[in-house]
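One structure below.
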Amino acid sequence: MKRLKGKNIVIGITGGIAAYKSADLTRRLMEAGASVRIVMTHAATGFVTPLTFQALSGQPVAFDNNEADADNGMQHIELARWADAIVVTPASANTIARLAHGRADNLLTALCLASEAVKCFAPAMNRVMWDDLSTQANCRTLTDKHWQQFGPASGLQACGETGEGRMMEVGDIMQALAQCFDSGELQGLNLVVTAGPTYEAIDPVRFIGNRSSGRMGYAIAEAAQHAGASVTLVSGPTHLTAPDGVQLTAVESAEEMRQAVFTQLGDCQIYISTAAVADYRVENIASRKIKKSADKLTLTLVRNDDILSLVAAHPKRPFVVGFAAETENVVDNAREKLLGKKLDMIAANDVSDSAAEHGDGQTIGFNSEYNALHVLSTADGTRVEQQYFAIARKSQLAKQLISLIAAQYKMKNQNEKNTA
Ligand code: PMT
């Protein structure tokens with residue numbers, strides 16, 4: 001939790017039974033070295049008293065009808081400027097709707113609208129309210145406006161029902177909040193990240209491609225750069241712009257990608273293979289556009305090199321992270337790729353039609369803003385460890401993955417030093 005030290009955090013508390021959990025969050029943030037200020041909506045004060053939070057944070061609590069007492073009635077501006085992050089927890093369906101629509105009709109919503117800080121929200125509500133299409137659309141509007149969404153979790157609810165809508169546990173909120181700040185975890189390291197599809201030419205106008213948009217890889221490149229790494233992004237054709245500070249090498253085919261990767265490998269400590277690289281290419285690319293003539297056309301395909309396997313087999317191999325796009329037996333197949341290709345880590349995503357849907361029909365994996373990852377690693381050299389990163393925006397998952405990669409890379413290096 002070093003990343004929270006010295007940070008100014010505003011906790012916005014809205015009306016919900018989970019409001020009491022924000023007392024624990026306040027205490028734990030302060031223990032982590034953050035300064036905390038509390039803003040409560042009127043509804044929140046019906047669940048918990050401002051005095052509790054004043055005692056815990058050591059600061060007066062701000063709520064709707066005491067703004068006039070503050071300097072010039074400008075408390076929302078003062079807090080908006082002070083905050084490094086605002087975390088609305090619990091975030092009720094009502095407040096989420098207000099925030100999504102840019103309302104500024106209470107101190108908390110006005111403060112959020114006026115602030116350039118990192119903004120996060122932890123939804124907490126009855127499962128039916130959570131499933132409601134308006135709530136889902138409002139959450140998406142917020143995440144589109146770069147709010148970080150934490151949870152919700154699933155389980156028994158205060159109303160007696162069971163389902164999705166419980167507020168994320170405080171420990172998980174702390175972790176997610178810490179990941180919103182640059183970590184320096186990869187300071188001084190060189191990373192190569194591959195992203196996007198490859199195009200395998202058939203003739204001058206046609207190619208064999210795939211549905212990769214590049215979003216997952218670009219998000220990883222950005223998260224790695226924010227964590228202090230020097231990042232080279234080797235990307236197949238996409239519509240995305242490379243993140244600031246990331247060096248882009250644009251390629252088209254798998255063979256061009258292989259060459260670009262190996263040019264960078266000498267000075268690379270971590271290789272992350274997010275690209276959807278074609279397994280096959282056309283044996284004889286036609287030099288002219290193939291004319292429509294016969295009823296059937298046969299193309300002979302030949303195997304491409306598996307770039308990931310080649311990198312992992314290199315005598316001076318970096319820490320190697322693969323991805324696996326699977327439509328069935330996701331974890332078992334990923335484990336096979338992890339061990340078969342001798343990787344340090346693999347992140348597997350379910351790209352089948354039946355893959356989990358996010359909210360109102362949002363799919364995961366290829367060409368989506370969202371994903372969910374089963375991460376398997378062998379970094380301690382003895383056994384396969386497994387974690388699941390639940391459905392979230394790719395930007396959020398990328399931060400989680402980069403944190404894990406940084407930790408495992410350090411652990412592997414330490415183990416190698418100990419056994420040398
Ligand atoms: O780009 P998005 O729209 O954001 O979608 C993200 C994604 C679904 C493409 C991404 O999350 C993902 O799963 N990437 C890996 C896709 C893939 O090719 O999976 P695979 O299981 O076929 O390949 C396994 C690994 O081998 C991958 O790391 C791949 O980069 C690598 N590979 C494959 C073939 C090849 N010739 N060379 C390789 O290096």
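Every number for a ligand or one of its atoms is a count from 1 in the order of the listing.
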Check: So Asp144 and Arg393, salt bridge (charged side-chain N to carboxylate O under 4.0 Å, His left out) or not? Walk me through it.
Finding: CA-CA 10 Å; Asp144 286 346; Arg393 289 185 87 82; 3.3 Å; yes
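- A donor-acceptor pair shorter than 3.5 Å can be found between the side chains of Ser235 and Tyr218.
- Residue Tyr271 places no N or O, backbone or side chain, under 3.5 Å from any N or O of ligand 1.
- Between Asn138 and Thr141, the side chains place no donor N or O within less than 3.5 Å of an acceptor N or O (distance only, hydrogens not considered).
- Heavy-atom contacts of Asp305 reach the following atoms of ligand 1: 35 (C), 36 (N), 37 (N) (cutoff under 4.0 Å).
- What sits closest to atom 20 (P) of ligand 1 on the protein, heavy atoms only, is Lys337 NZ, 3.7 Å.
- For atom 29 (C) of ligand 1, the closest non-hydrogen atom on the protein side is Ala275 O, 3.4 Å.
- Side chain to side chain, Asp132 and Ser134 meet the donor-acceptor criterion of an N or O pair below 3.5 Å.
- Shown in contact with Lys394 at under 4.0 Å from a heavy atom are these atoms of ligand 1, numbered in order with element: 2 (P), 3 (O), 4 (O), 5 (O).
- Among protein heavy atoms, atom 27 (C) of ligand 1 sits closest to Phe323 O, 3.0 Å.
- Comment: Glu326 engages Lys337 in a salt bridge, judged by a side-chain N to carboxylate O separation of less than 4.0 angstrom.
- For atom 19 (O) of ligand 1, the candidate residues are Ala219, Gly236, Ala325, Ser309; the nearest heavy-atom contact is made by Ala325.
- A salt bridge between Arg81 and Glu116 is absent, with no side-chain N of the basic residue lying under 4.0 Å from a carboxylate O of the acidic one.
- The protein heavy atom nearest to atom 18 (O) of ligand 1 is Ala276 CA, 3.4 Å.
- For Arg281 and Asp305, the salt-bridge test fails: no basic side-chain N is under 4.0 Å from an acidic carboxylate O.
- Close contacts of ligand 1 with Ser273, meaning ligand atoms under 4.0 Å from a residue heavy atom, involve 27 (C), 28 (O), 29 (C), 30 (O), 31 (C), 39 (O).
- Closest to atom 37 (N) of ligand 1 among all protein heavy atoms lies Ile307 N, 3.1 Å.
- With ligand atoms numbered from 1 in the order given, ligand 1 contributes 4 (O), 6 (C), 11 (O) to contacts under 4.0 Å with heavy atoms of Met216.
- Of the protein's non-hydrogen atoms, the one nearest atom 39 (O) of ligand 1 is Leu308 N, 2.9 Å.
- Annotation: atom 9 (C) of ligand 1 to nearest protein heavy atom, Phe366 CE2, 3.7 Å.
- Atom numbering of ligand 1 starts at 1 in the shown order; those under 4.0 Å from a heavy atom of Asp279 are 34 (C).
- In this structure, of Asn349, Val277, Val351, the residue bringing a heavy atom nearest to atom 10 (C) of ligand 1 is Asn349.
- Judged by distance alone, the side chains of Glu164 and Ser154 never bring a donor and an acceptor atom under 3.5 Å apart.
- Contact between Asn371 and ligand 1 is present, with at least one heavy atom of the residue lying under 4.0 Å from the ligand.
- In terms of protein heavy-atom proximity, atom 14 (N) of ligand 1 is nearest to Thr274 O, 2.8 Å.
- When all heavy atoms are compared, the tightest approach of Ile96 to Ala91 is CD1-O, 3.7 Å.
- Using a 4.0 Å cut-off to heavy atoms of Asn367, the atoms of ligand 1 that qualify are 2 (P), 3 (O).
- Heavy-atom contacts of Lys341 reach the following atoms of ligand 1: 24 (C), 25 (C), 26 (O) (cutoff under 4.0 Å).
- The contact set between ligand 1 and Arg215, taken as ligand atoms under 4.0 Å from a residue heavy atom, comprises 1 (O), 2 (P), 4 (O).
- Closest of all the heavy-atom pairs between Arg127 and Gln157 is N-OE1, 2.8 Å.
- Using a 4.0 angstrom heavy-atom cutoff, Gly365 counts as in contact with ligand 1.
- A salt bridge does not link Lys394 with Glu222: none of the charged nitrogens is closer than 4.0 Å to a carboxylate oxygen.
- Heavy atoms of Ala278 come nearer than 4.0 angstrom to ligand 1 in at least one pair.
- In this structure, the side chain of Asp203 engages the main chain of Ile290 through a donor-acceptor pair within 3.5 Å.
- At a cut-off of 3.5 Å, with distance as the only test, no side-chain donor of Ser352 or Glu328 sits close to an acceptor on the other residue.
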